[in-house]
Amino acid sequence: MIETPSLVDQYCHGVLRTELGLGTFEAHLARGEGRPAAGTTFFDTQTGFAVRRWCPPLLGLEPHCPPARYLARRRELGVLESGRRLLRGSGITTYLVDTGLPGDLTGPGEMASAGGADAHEIVRLELLAEQVADTSGTVESFLANLAESVHAAAANAVAFTSVAGARHGLALAPEPPGPGEVRGAAGRWLTGRRVGGTLSDPVLLRHLLWIAVASGRPLQLHAGLGEGDLRIDRTDPVLLTDFARATAGLGTDLVLLHGYPYHRHAAHLTGVFPHVYADLGASLVRTGARASAVLSEILELAPFGKLLFSSGAHGLPELHVVGARLFRESLARVLGTWVAEGAWSLSDAQRVAGLIAAENARRVYGLE
């Protein structure tokens, strides 16, 4: 039996503090644009089926119970108690929490308390830049304050994360933009921007990435599936090849988030560049009962010390449970099969499971 007693969730978000009706719950299951089509439900997805398999027993119900019964039990317990039971039932011992999404979501401290775990903050670069822009009157003050804010955030955060792929696409010029180019882009953005306006200028996105690289903190880059409003053809991680080459040897690790359906491309990059790592979260959560097949494809190419478990969960504590359970089940199935076939020894399988579950993340992020 392959065991993973400790899990470091190297990328997730907080959970919602409010009670959820069926429609809101389903919206967080799919994270697409709008509600399900008439006559359909997002529970009829791999993720929805996985929630019904793994989460009801943690709330005192039988596996695969109907969604209406599950949500009624959730409301009966209350959002705090159901969240506590689910998070503690996930087996995750450390959360790395991206605090850059809007909404009434718990922060790292609340995640640690509810989950009986450790928690650390990941800072989203684009949100940080938008907050600086809201309080900076001139281009010069914006650029100075931005550099100072990234430096200050690096003192406490375990990593930075960027959604440049969702905002513009990953086919950005790999080199850092020049000072004049940055000032011009900042001037144009600030002139046409209202308070709270989002950052999508490719020059400023590149500038942010390079400021983060200079900090030395790991830099997480969203690729593949993510938010519902992105163009997935622009988020293939292979588009980051030149950026990975340009940042090699600078002392900053790059972590490719999500990846799926380009998971083999992400796995390839981890084998080419010593400072590139890949996340397993969306590849497993989105594929449910097929997660072991997808994991096998990732393990075809990636060095085993370059893969990191995550749930990628957002809003629903159920997604932390599903991410952890699917990871454990698929890893045990894949590695157990290779042991049974004589391709691997049990001791090697157990060692690799420990690396992917927690040890690689502890090394990359400098966790105690």
Side-chain angles (χ1 to χ4, degrees), residues 9 12-13 15-16 18-77 79 82-83 85-87 89-90 101 103 105 166 224-233 235 257-263 279-298 310-334:
D9 190 344
C12 66
H13 301 277
V15 300
L16 289 162
T18 53
E19 297 286 357
L20 302 179
L22 176 61
T24 307
F25 192 95
E26 284 203 59
H28 282 86
L29 272 184
R31 295 176 70 178
E33 294 188 13
R35 295 180 179 274
T40 72
T41 170
F42 288 145
F43 274 100
D44 283 346
T45 60
Q46 289 284 4
T47 303
F49 270 43
V51 166
R52 290 179 53 220
R53 164 63 183 91
W54 296 112
C55 297
L58 297 175
L59 302 188
L61 299 172
E62 71 279 5
H64 309 294
C65 73
R69 186 177 180 200
Y70 177 76
L71 292 177
R73 175 59 173 163
R74 206 180 187 274
R75 289 191 295 271
E76 177 187 336
L77 290 171
V79 66
S82 59
R85 292 190 185 192
L86 290 162
L87 291 176
S90 71
L101 284 183
L105 299 173
L225 291 177
E227 302 300 322
D229 58 352
L230 60 76
R231 280 277 304 273
I232 193 172
D233 57 314
T235 63
L257 295 178
H258 310 319
Y260 188 82
Y262 306 114
H263 50 288
D279 162 66
L280 300 177
S283 296
L284 306 186
V285 172
R286 296 293 185 101
T287 53
R290 288 279 296 164
S292 59
V294 175
L295 180 60
S296 293
E297 293 174 348
I298 297 171
S310 83
S311 69
H314 166 220
L316 302 179
E318 284 83 356
L319 298 179
H320 293 277
V321 174
V322 165
R325 293 300 180 97
L326 286 174
F327 169 72
R328 283 192 163 111
E329 290 284 312
S330 58
L331 191 68
R333 184 174 296 117
V334 171

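Just the heavy atoms: all of them, side chains too, but no hydrogens, waters or symmetry mates, feed the values below.
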- [ ] Would you check if the side chain of R73 reaches a backbone N or O of L59 as a donor-acceptor pair within less than 3.5 Å?
- [x] yes

Minimal heavy-atom distance between T41 and E26, with the atoms involved, is OG1-OE1, 2.9 Å

Any side-chain to backbone donor/acceptor pair from T47 onto V285? Under 3.5 Å, distance only. yes

Side chains of P63 and P56: closer than 4.5 Å at any heavy-atom pair?
-> no

OG of S311 to CG of D9, rounded to nearest 0.5 Å, is 3.5 Å

- Contact check, side chains of L280 and I298, non-hydrogen atoms, under 4.5 Å: yes

d(D44 CG, L29 CG) to nearest 0.5 Å is 10.5 Å

Q. Any sub-3.5 Å donor-acceptor pair from T287's side-chain atoms to S283's backbone N or O?
A. yes

> So, do H263 and E297 sit near enough that their side-chain heavy atoms are less than 4.5 Å apart?
Replying inline: yes

Discussion item. Could you tell me if the side chain of S292 sits less than 4.5 Å from the side chain of V334, heavy atoms only?
Written reply: yes

*asked:* For R74, is there an ion pair with E318 - N to carboxylate O distance below 4.0 angstrom?
replied: yes

Q | Centroid separation F25 to F42 less than 6.0 Å | A | no

Rounding to 0.5 Å, atoms CG (L326) and CZ (R290) come to a distance of 13.5 Å

- Item | Criterion side chain to side chain contact (heavy atoms under 4.5 Å, CB included) on D279 and Y260, from CA distance to verdict | CA-CA 10 Å; D279 162 66; Y260 188 82; over 6 Å; no

So CG of L105 and NE2 of H314: to nearest 0.5 Å the spacing works out to 5.0 Å

The reported gap from NE2 in H13 to CG in L101 (rounded to nearest 0.5 angstrom) is 4.5 Å

**Asked** Is there side-chain contact between F327 and L295, with at least one heavy-atom pair below 4.5 Å?
**Response** no

**Message:** I'd like to check Y70 versus C55 (side-chain heavy atoms, cut-off strictly below 4.5 Å). Are they in contact?
**Reply:** yes

_Salt-bridge criterion met for R69 and E62 (N-O under 4.0 Å)_ = yes

Look at the side chain of H28 and the backbone N and O of T24, then say whether any donor-acceptor pair between them is shorter than 3.5 Å. yes

Can you check whether V321 reaches L58 side chain to side chain, under 4.5 Å on heavy atoms?
yes

Rounded to the nearest 0.5 angstrom, the CG-CG distance for L20 and L71 is 8.0 Å

With a 4.5 Å limit on heavy-atom distance, are the side chains of I232 and P261 in contact?
yes

